[in-house]
**Q** 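Submitted below is the structure of interest, expressed as structure tokens.
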Amino acid sequence: MEDAETPIYDLIDLTMGLAGRTQALVTEVLAELDLTHALANAIWQLGGARTPPSMRELAHDLRCDPSTVTFLADRLEQRGLVTRTVDPTNRRIKILALTDSGHLARRRLVEAMTLGSPLARLSPDDQRMLRTLLSKAMTA
């Protein structure tokens, strides 16, 4: 059987196409916000409903070395998008949190990625179903 005839090939091809389109959506916003992909990824990880992470936790989330997070945090701090504070329970730990400007930048990224995504064309029920299936695949 040819590789192109298998469902897994089609799924991977579609996933790669979705990733490519999503990257294209973000490119314009990155230029507008003067961010690199790495900086935008850090902002993405810093947002959401969770409490601000330590720099080590962010390194884990980004799957990178803690020294890389130091570099990213320096750049984001220079742009006024994050603050770096000492954890009051352990002064050796540095916490990163988005500033108001950082939250605005993240919101702009989220809007570009969600509203323009091909996934936005799916009904809410289809989006939930796809999320369930992708979550199942990622935890297997």
Side-chain angles (χ1 to χ4, degrees):
M1 177 179 276
E2 294 262 335
D3 287 342
E5 296 176 11
T6 63
I8 191 72
Y9 178 91
D10 288 341
L11 287 170
I12 291 170
D13 191 48
L14 288 166
T15 302
M16 292 176 71
L18 178 62
R21 285 195 189 175
T22 302
Q23 288 297 332
L25 290 169
V26 172
T27 299
E28 184 177 312
V29 176
L30 292 180
E32 170 191 320
L33 297 172
D34 189 29
L35 296 173
T36 64
H37 285 279
L39 293 173
N41 194 17
I43 288 173
W44 182 273
Q45 292 296 327
L46 287 169
R50 71 181 195 165
T51 59
S54 71
M55 290 179 64
R56 186 167 297 281
E57 290 168 335
L58 183 59
H60 177 267
D61 293 346
L62 294 173
R63 294 175 184 88
C64 68
D65 189 82
S67 65
T68 301
V69 171
T70 299
F71 175 82
L72 296 172
D74 289 345
R75 299 308 169 277
L76 291 170
E77 210 170 29
Q78 288 168 356
R79 289 171 169 80
L81 300 174
V82 300
T83 58
R84 188 176 354 200
T85 58
V86 174
D87 185 329
T89 63
N90 184 342
R91 298 196 48 80
R92 294 174 296 169
I93 297 174
K94 301 282 191 286
I95 304 295
L96 289 176
L98 292 174
T99 62
D100 289 343
S101 294
H103 282 289
L104 289 173
R106 186 176 189 280
R107 187 173 308 128
R108 182 72 181 98
L109 285 166
V110 169
E111 287 172 358
M113 293 177 75
T114 56
L115 298 178
S117 171
L119 296 176
R121 296 184 206 135
L122 298 175
S123 71
D125 286 341
D126 286 345
Q127 290 175 15
R128 281 188 282 279
M129 183 186 322
L130 181 57
R131 180 184 61 205
T132 298
L133 291 171
L134 291 173
S135 295
K136 185 176 179 179
M138 294 302 289
T139 59

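This is a predicted model, so every value here is computed, not measured.
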**Q** For a 4.5 angstrom cut-off between non-hydrogen side-chain atoms, does Leu39 reach Leu81?
**A** no
**Q** Drop me the distance from Thr83's OG1 to Lys94's NZ, to the nearest 0.5 angstrom.
**A** 12.5 Å
**Q** Leu18 and Pro118: which non-hydrogen atoms are nearest, and at how many Å?
**A** CD1-CD, 3.8 Å
**Q** Is there a side-chain contact between Arg84 and Ile95 in this structure, where contact means two heavy atoms from C-beta onward sitting under 4.5 Å apart?
**A** no
**Q** Is there a path of hydrophobic side-chain contacts, each under 4.5 Å between heavy atoms, that joins Val26 and Leu115?
**A** no
**Q** Is there a path of hydrophobic side-chain contacts, each under 4.5 Å between heavy atoms, that joins Ile43 and Phe71?
**A** yes
**Q** Return the set of residues passing salt bridge (Lys or Arg N to Asp or Glu O under 4.0 Å) with Asp87 (not counting sequence neighbours), or none when no residue passes.
**A** none
**Q** Closest heavy-atom contact between Arg79 and Asp34?
**A** NE-O, 3.0 Å
**Q** Can you tell me how far the CG atom of Asn41 sits from the CG atom of Leu46, to the nearest 0.5 Å?
**A** 9.5 Å
**Q** Of all heavy-atom pairs between Leu76 and Ala42, which one has the smallest distance, and what is that distance?
**A** CD1-CB, 3.9 Å
**Q** Among residues at least two apart in sequence or on other chains, which ones pass salt bridge (Lys or Arg N to Asp or Glu O under 4.0 Å) with Asp65?
**A** none
**Q** Supply the atom-to-atom distance Ser54 OG to Asn90 CG, rounded to the nearest 0.5 angstrom.
**A** 10.0 Å
**Q** To the nearest 0.5 Å, what is the distance between OG on Ser101 and CG on Leu33?
**A** 10.5 Å
**Q** At their closest point, which heavy atom of Met55 faces which heavy atom of Val69, and how far apart are they?
**A** O-CG1, 3.7 Å
**Q** Once rounded to the nearest 0.5 Å, what's the spacing between atom CG of Asp125 and atom CG of Leu130?
**A** 12.5 Å
**Q** Can you check whether Leu109 reaches Leu30 side chain to side chain, under 4.5 Å on heavy atoms?
**A** yes
**Q** Minimum heavy-atom separation for Pro52 to Leu96, with atom names?
**A** CB-O, 3.1 Å
**Q** Using salt bridge (Lys or Arg N to Asp or Glu O under 4.0 Å) as the criterion, list what pairs up with Arg106, not counting sequence neighbours.
**A** none
**Q** So for atom NE2, which belongs to His60, do other residues, nucleotides or ligands contribute more than 12 heavy atoms lying within a distance under 6.0 Å?
**A** no
**Q** Is the closest side-chain heavy-atom distance between Met113 and Leu25 below 4.5 Å?
**A** no
**Q** A side-chain contact here means heavy atoms from C-beta on lying under 4.5 Å apart; do Leu62 and Leu72 qualify?
**A** yes
**Q** Could you tell me whether Glu28 atom CD has more than 12 heavy atoms of other residues or ligands within 6.0 Å of it?
**A** no
**Q** As an exercise, state the distance from OG1 of Thr85 to CD1 of Ile93, rounded to the nearest 0.5 Å.
**A** 11.0 Å
**Q** Looking only at non-hydrogen atoms, find the nearest pair between Leu119 and Gln127 and report the distance.
**A** O-NE2, 3.1 Å
